[in-house]
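Hydrogens, waters and symmetry mates play no part in the numbers below; they use all other heavy atoms, side chains included. Proteins come first, then strands; the chains are lettered A, B, ... in the order of their sequence lines, and each starts at number 1.
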Amino acid sequence: MAEPRRTTLSIREREAPATALVPAEQLKEHLPGVEPERRLNDWGRSERIEGIYDRTVADFLYRYWFRAEVEGIENVPSTGGALLVSNHAGALPPDAAMIAKAIKEEHAHPRPLNITVEHFFKGYPGFSMLVSKIGCVPAHPANVHRLLYDEEQLVLVFPEGRKATEKLYKDRYRLRRFGRGGFVEAAMRARAPIVPVCVVGAEESAPVFAQIGLMQRLTGFLYFPITPTFPHFGLLGMAGYLPAKFKLRFLEPIHFEEEGMHEDKALVQTVAHEVRARIQENVWDMLAKRKSVWFG
Amino acid sequence: MDSKRILITGISRYWGGRLAQALEAFPEVEAVIGVDNEEPQVEFERTEYVKVGAQHALLRRVVEAAEIDTVVDTRLVVDSATTSSSKAHENNVMGTMNILAACTGPDSPVRKVVFKSSTHYYGCHQDDPAFFDETMRRPHPPRTGIERDIVEAEASLTEFAERHPETAVTTLRFANVLGPDVETSHIKLFSLPVVPMILGFDPRYQFVHEDDVVHALEHAVKHRAPGTFNVAGDGVLALSEVAGLLGKPYAPLLPPWGTGIATSVIRRIGIEIPPEALNQMRFGRGVDNRRFKASGFHYQHTSREAVMKLGEYLRLHPVVRGAQEPYRYEREVEDFLRWSPHVKNTRDRTAPALSREQLVELERLLTSFADTAGMDLGAAAPAPAPEPPPKPPKPRSRPRPARAPSEHYDDLAAEEVIALLASLEREDLAALHRYERDHANRTRVLGAIDSVLARRGSRV
């Protein structure tokens, strides 16, 4: 656990390509075929376990507990890769699950969503087994690129990363720095659109009152928050959500058609700021229109 | 075929042996030379075995004397359970260095080096990408001995490639190999009644079937493809999925914390999990195999199929065990079979088959030969046969009527004729059969010809 963890989508230093470079379009043709007998895909996503989870926990939370309300679902493209970028908050926040469920429930062409998560989850027993089964992939730039470009799938990232889940209730809905813009670079490299997503309600459903640094180091967790139900109700208390009303808003996609845009670091930063500003503005707007935390 | 004169290291191990067997079947390959410090374990048609020291120090003389244009290095140890770490280091690092040194020199004939490496090069860590591609560097420095060796060996290979741009250096990084004939730590683990796992982890695994390994090496020899390539079957499986395909329950025997201590405990009961495998059982690994596919290679098995093949073998193995005699290599016997002039029944698969026109020509010649022999028969005076049986025509050479044993044929006793039959070709036998039926019509000779023909028919 002592190893430094990556918290943002930064492209790691790569060694000089020793291999005669094959055009990326050509490599796309060589993606492994689907073996229909398998119930897991190459990322470890399990049709069976995801199905059970989706029908029970996700369905209950989406319909009855958070009573999610969705706007602008048509902004999620029906085909091709797209990078969904969302604000993120609270202890073990349910926002990712709700965005995935919203696409399944409301979209005209329901598509699976790949949720990027911290590498921590891959290294922690139990989580390691579970998260990949329900469609989470470690947040590595190479993973995002493969999903967006080669496999043309939907990917959800939280560019605020760990800083978002560490923030306390008093800082709610104030978006943190969007990393180093790695997500924009990934989208530009794959020439996939960015769809900004705003989520309201997650912060109240799992409020964090304090962070205990010592306990975090002892347990090896990502963070050790004090919430209404954690730690006094044990690990399950992490998922003890309050029934706040969830509102999701999918914004207009931002397209990147030109090749090699990701080389321009200034442009990457500008776009990252722009995406952050648009999400922040829309979150303020949604908060202003919200009459009640619990009833919307 | 890009290569003509090939040197294979590690000939006594499984990969070297199988690759040599595959390559010697190509008629355009002039020479296959295998080196190792132990005797080979498999039978060869024409591969020549040269015993060298573990350090491969004198290899350069072999390379230069035989004008080797391609060196295939298959001897990398990638499983620390197979040998001691110092021996593995000696072999992996020092051996690779010496082999590459043997390919250097201002007038070195070597134009291609193929190196068998392993995806252990990438290691297994928490913050790995889900699919390593060939341009990626491992995220953390290696911690286990084998991984360190592999990284070092590849580093010397990269350096060699930079210094010798005219030599095509192909590095193949193989994923975990599965198959009935190889023995790896993972196959041993999968052979246990339950598949052991670390509690709370279900790592992703990618496999490659042993046949695909040999085909991949063969592909690299046949084509010029410089660079590094991952070789792994399509599909990445979860370990629980592997257990399901093998039809075995999986057991989280190892605790997630203190795994090292638990491993040393279960080593006492005979289950060896080397450190690099332990890392893999925790974090797993997937690699991007598309570049090698783009170079024209086709996998015969996906990861899943490789596991299923292993499962079939593991189920069948206890039943058929001991049914086949293992091959034993005895150098003197091999040398006799290959070089002695007394060996008549050589199975030279490499000789080109006769074309239709040649066959027609041959038949015409044989008929005319039989006719001449028949005419001679009437004129020749009956005389005893004092001379030894004449030399039979060389197999597959065009028989000419002048050289034929026609003059003395009828003088030969039935036994002598029968002794000759084995050395004759099908067509000759057929002609002889016709001739014998028309003339002496000895039942014993005819029967013998028939039986030889029948045997040939079943063999061809």
Side-chain angles (χ1 to χ4, degrees), chain A residues 1 3-7 12-24 26-35 37-46 49 114 118-130 132-133 137-147 150-151 220, chain B residues 125-137 139-140 154 157-158 161-162 169-171 197-204 206 225-230 233-238 240-241 244-245 252 255-257 282-284 286 288-295 299 302-305 308:
Chain A
M1 292 301 141
E3 286 173 12
R5 293 190 205 97
R6 186 209 327 275
T7 54
R12 253 173 206 277
E13 188 191 358
R14 289 185 163 209
E15 80 187 19
T19 309
L21 278 177
V22 185
Q26 203 187 323
L27 283 184
K28 221 170 175 176
E29 294 163 19
H30 291 288
L31 272 181
V34 176
E35 288 176 279
E37 303 90 345
R38 285 188 64 188
R39 315 225 31 199
L40 265 74
N41 74 3
D42 284 359
W43 299 87
R45 190 183 194 127
S46 165
I49 294 173
N114 295 280
E118 287 276 345
H119 290 284
F120 156 80
F121 289 104
K122 189 178 164 192
Y124 209 81
F127 284 124
S128 174
M129 255 180 135
L130 262 178
S132 63
K133 299 274 189 299
V137 297
H140 190 287
N143 291 355
V144 175
H145 182 72
R146 185 178 168 112
L147 283 167
D150 296 302
E151 302 191 6
Chain B
H125 293 98
Q126 187 173 321
D127 47 359
D128 282 347
F131 296 88
F132 275 108
D133 78 27
E134 292 85 347
T135 58
M136 287 174 189
R137 190 184 286 191
H140 302 282
E154 281 211 21
L157 215 74
T158 316
E162 275 167 15
V169 179
T170 308
T171 309
M197 282 168 83
I198 300 176
L199 182 69
F201 288 95
D202 192 8
R204 291 159 68 246
Q206 206 164 359
T228 308
F229 298 95
N230 293 329
D234 278 349
V236 186
L237 314 176
S240 58
E241 205 181 354
L245 289 171
W257 291 282
R282 189 182 290 266
F283 298 122
D288 189 338
N289 63 359
R290 291 178 291 166
R291 274 207 177 78
F292 199 48
K293 283 201 256 178
S295 82
Y299 291 94
T302 63
S303 288
R304 183 171 170 276
E305 284 162 357
M308 291 196 328

Practice prompt. Kindly determine whether B/D128 and A/K122 satisfy side chain to side chain contact (heavy atoms under 4.5 Å, CB included), including the steps that lead there.
Written response: CA-CA 10 Å; B/D128 282 347; A/K122 189 178 164 192; 3.8 Å; yes

Fill in: Trace of the side chain to side chain contact (heavy atoms under 4.5 Å, CB included) decision for B/D234 with A/E35
CA-CA 10 Å; B/D234 278 349; A/E35 288 176 279; 5.8 Å; no

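Residue contact with chain A, scored on non-hydrogen atoms closer than 4.5 Å, involves the side chain of B/T302 exclusively.
Taking B/G235, B/A161, B/A294, B/G200 one by one and counting their heavy-atom pairs under 4.5 Å with chain A, the maximum is reached by B/G200. Ranked by heavy-atom pairs under 4.5 Å with chain B, the first of A/V34, A/L31, A/L130 is A/L31.
The one candidate from B/D202, B/I198, B/L199 that meets the side-chain contact (heavy atoms from CB on, under 4.5 Å) condition with A/M129 is B/D202.
B/S240 OG to A/K133 NZ: the interatomic distance, rounded to the nearest 0.5 Å, is 4.5 Å. The CZ atom of B/F201 lies 11.5 Å from the CZ atom of A/F127; values are rounded to the nearest 0.5 Å. Between atom CG of residue B/N289 and atom CG of residue A/L27 there is a gap of 10.0 Å, rounded to the nearest 0.5 Å. Within the model, atoms CD of A/E37 and CG of B/L245 stand 9.5 Å from one another, a figure rounded to the nearest 0.5 Å. The NZ atom of B/K293 sits 11.0 Å away from the CD atom of A/E29 when rounded to the nearest 0.5 Å. If you take CZ on B/R204 and CG on A/L40, they are separated by 10.0 Å, rounding to the nearest 0.5 Å.
Although no hydrogens or angles enter the test, the distance criterion places a donor-acceptor pair under 3.5 Å between the side chain of A/N143 and the main chain of B/A130. Judged purely by atom type and a 3.5 angstrom limit, B/Q126 uses its side chain to pair as donor or acceptor with the backbone of A/H119.
Between B/R290 and A/D150 there is a salt bridge, since at least one side-chain N of the basic residue sits less than 4.0 Å from a carboxylate O of the acidic one.
Using a 4.5 Å heavy-atom cutoff, the side chains of A/R146 and B/D133 are not in contact.
Among all heavy-atom pairs drawn from B/V236 and A/D42, the shortest one is N-OD1, 3.0 Å. Contact between A/R38 and B/L237 at its shortest, heavy atoms only, is CZ-CD2, 3.5 Å.
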